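The first residue in the sequence is number 1, and the count goes up from there. The basis for the numbers below is simple: all heavy atoms, side chains too, and nothing from hydrogens, waters or symmetry mates. Everything numeric in this text was worked out from a predicted model, so none of it was measured.
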Amino acid sequence: MNIIRSKDFTASRAWGALDIASMNGITTRLHWTDKPYKWHINDCEEVFVVLDGIVDMHYRDAGTEQVSRLEAGDIFYAGIGCEHVAHPVGEARILVVETAGSV
């Protein structure tokens, strides 16, 4: 058993992560960041949960860039082929569930 206080987690670099679990090829990781990630296209499904902070999620829908503001408790689901990039507003802690090694 392990209890993780997500608000206490920080990393030495943006998008640093704490591996929480790996179950049948699916990883669950807690990320800390204060900088945007990078545009990427998912090769697998991804569940992105904002635990603390605010994240502006940029994504492309039919070639048009959209932005949705995510706050603590909000969930972004990115299916296969979803192009997106997360931009935190200040510090944020995010739980990501995805296939191990996926982009």
Side-chain angles (χ1 to χ4, degrees):
M1 187 184 108
N2 195 6
I3 296 174
I4 299 162
R5 306 265 184 229
S6 62
K7 284 189 174 194
D8 294 336
F9 176 68
T10 58
S12 59
R13 62 177 174 79
W15 294 99
L18 172 65
D19 292 327
I20 296 173
S22 181
M23 301 174 288
N24 298 318
I26 303 297
T27 62
T28 303
R29 302 176 88 200
L30 174 60
H31 291 270
W32 172 91
T33 191
D34 60 353
K35 295 184 180 10
Y37 193 59
K38 61 183 177 184
W39 277 102
H40 62 286
I41 298 174
N42 281 32
D43 56 4
C44 294
E45 296 169 295
E46 173 186 336
V47 175
F48 182 102
V49 183
V50 177
L51 298 176
D52 184 51
I54 297 171
V55 175
D56 287 337
M57 182 62 77
H58 298 245
Y59 59 96
R60 292 200 173 106
D61 185 16
T64 303
E65 186 174 335
Q66 307 286 327
V67 179
S68 289
R69 178 153 285 189
L70 305 174
E71 299 180 4
D74 290 342
I75 301 167
F76 177 81
Y77 167 77
I80 296 171
C82 177
E83 188 175 11
H84 62 285
V85 61
H87 285 259
V89 178
E91 292 186 12
R93 288 161 183 87
I94 299 140
L95 190 72
V96 176
V97 181
E98 62 189 347
T99 302
S102 68
V103 175

So which heavy atom on [X] is nearest to which on [Y], and how close?
X	Y	answer
A11	G16	CB-CA, 3.6 Å
K35	A14	CB-CB, 3.9 Å
G90	P88	O-CB, 3.4 Å

By salt bridge (Lys or Arg N to Asp or Glu O under 4.0 Å), which residues pair with D56, not counting sequence neighbours?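 Once residues adjacent in sequence are excluded, the partners of D56 under the salt bridge (Lys or Arg N to Asp or Glu O under 4.0 Å) criterion are R69.
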
Would [X] end up clustered with [Y] when hydrophobic side chains under 4.5 Å apart are linked, directly or stepwise?
X	Y	result
V50	W32	no
I4	L95	yes
V89	V55	no
I80	Y37	no
I54	L70	no

Is the shortest side-chain heavy-atom distance between [X] and [Y] below 4.5 Å?
X	Y	value
Y59	V85	no
I75	F48	no
V96	V47	no
Y77	C82	no
L30	L51	yes
V97	I26	yes

Enter the distance from I94:CD1 to R29:CZ here, rounded to the nearest 0.5 Å.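 Answer rounded to 0.5 Å: 12.5 Å.
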
Out of curiosity, D61 CG to Q66 CD, how far, rounded to the nearest 0.5 Å?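 Spacing of CG (D61) from CD (Q66) equals 6.0 Å.
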
Enumerate the salt bridge (charged side-chain N to carboxylate O under 4.0 Å, His left out) contacts for residues 78-91, please, sequence neighbours excluded, ordered by first and then second residue.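 Listed by first then second residue: R60-E83, E91-R93.
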
Look at the rings of H84 and F76 and say which category their plane angle falls in: under 30° parallel, 30 to 60° tilted, over 60° perpendicular.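 Answer is tilted, since the angle falls between 30° and 60°.
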
Does E98 offer a backbone N or O that forms a donor-acceptor pair with the side chain of T27 under 3.5 Å?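 Yes, because the side chain of T27 sits within donor-acceptor range (under 3.5 Å) of the backbone of E98.
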
Distance-only polar pair, side chains of T33 and W15, donor-acceptor under 3.5 Å: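 Result is yes, a qualifying pair exists.
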
Using the ring pair (Phe, Tyr, Trp, His ring centres under 6.0 Å) criterion, which residues pair with H58? Sequence neighbours excluded.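 By the ring pair (Phe, Tyr, Trp, His ring centres under 6.0 Å) rule, H58 matches H87.
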
